[in-house]
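Just below is one structure, and these are the notes that go with it.
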Amino acid sequence: MPYPKILTIQDISCVGQCSLTVALPILSAAGLETCILPSAVLSTHTAGFTGFTVRDLTEDIPGIAAHWRKEGISFDAVYTGYLGSREQIADVKDIFSTLLKAGGLTIVDPAMADNGKLYPAFDLDYVEAMKSLAFSADYILPNITEACFLTGLEYRTVYDEAYIEALLDALSARGARGIVLTGVGYREGRTGVVVQSGGERRYYEHRRIAKGSHGTGDVYASAFVGALLQGFSAYDAARIAADYTVLCIEHTQGDESHWYGVKFEPMLPQFMRMLGL
Ligand code: PXL
């Protein structure tokens, strides 16, 4: 059984079921040794709570990475999510080039926008910096909004296959290799992901649960990375991640008090079964 060591870099939202509080348990359930580098500590996530506290950890990152280098620590994969600042992106690029084993994988979820808009903490300078990180990665997992910010293409809520192909072409032209474009739906009640890997594009369609849920992008990306590192192809990893995320959303539906995230924990045994663990 492989036992890869992965580093995930994203914020700790202490309450809200997103970023590291989602990635760490999901990657651990996938059987990976999971090391973390918190980009910031927030009292809650920023999507719906007000008055949250933020401590940006940009200053701490170079020292942490230097210590790891001194200890001879390296990783089979580095997976990034929500980052604390534009300055951090340079540090993350440095980590990609100095702390990854030969042949190691980089996976970037350019977590910065949804529904046509940037998250409150980000501006167009951050988008520019994110482009340089995303287009250097082995895999990126943008939603349609993030793909538009990364390429400059117009954001549309009504679209066809030609528009999605144009988005993938534009991402590829800028350097993207593996792409998992999330939230692509062509029919009522259905959504899905388009996976580009090894020069091939394939679509996986699944149920769409009407109400959008916070944190599902992080659940999805973490499950994708877990399955990929367990040896599944990018398409199969994307399919498993989609099936798991749908289960989590269904399990949370109907509980109005749980608006801030999805109840992903009780579904972890099913995720592990999907991975054959
Ligand atoms: O789920 C993405 C995410 C992660 N971290 C923080 C966020 C968000 C989305 O809004 O606010 C702090």
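Predicted model, so just to flag it, every value in this text is computed and none were measured. For ligands, and for the atoms within them, numbers begin at 1 and follow the listed sequence.
The atoms of ligand 1 that sit less than 4.0 Å from any heavy atom of Cys18 are 1 (O), 4 (C), 5 (N).
The part of Ser13 lying near ligand 1 is the side chain, judged by heavy-atom distances below 4.0 Å. Only the side chain of Asp11 comes within 4.0 Å of ligand 1, judged by heavy-atom distances.
The protein non-hydrogen atom at the shortest distance from atom 7 (C) of ligand 1 is Tyr82 CE1, 3.4 Å.
Distances from atom 11 (O) of ligand 1 to the heavy atoms of Val41, Thr46, Leu42 show the closest one on Thr46.
Aromatic pair Phe122/Tyr82: ring centres closer than 6.0 Å. For an aromatic pair to be called close, the ring centres must be under 6.0 Å apart, and Tyr155 with Phe149 fails this.
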Would Arg55 and Asp11 count as a salt bridge (Lys or Arg N to Asp or Glu O under 4.0 Å) if you check the C-alpha gap in whole Å, the side-chain angles of each, and the deciding distance to 0.1 Å? CA-CA 10 Å; Arg55 181 169 300 274; Asp11 73 279; over 6 Å; no
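Here the closest heavy-atom approach between residue Ile249 and residue Ser213 is recorded as CG2-OG, 3.6 Å.
Under the 30°/60° scheme for interplanar angles, the aromatic rings of Tyr260 and Phe49 are found to be tilted. By the 30° and 60° cut-offs, the orientation of the rings of His214 relative to His45 is tilted.
The shortest heavy-atom distance from Gly217 to ligand 1 is not under 4.0 Å.
Backbone and side-chain nitrogen or oxygen atoms of Asp218 are examined, and one is located within less than 3.5 angstrom of a nitrogen or oxygen of ligand 1. Annotation: Thr44 places no N or O atom under 3.5 Å from an N or O atom of ligand 1; distance criterion only.
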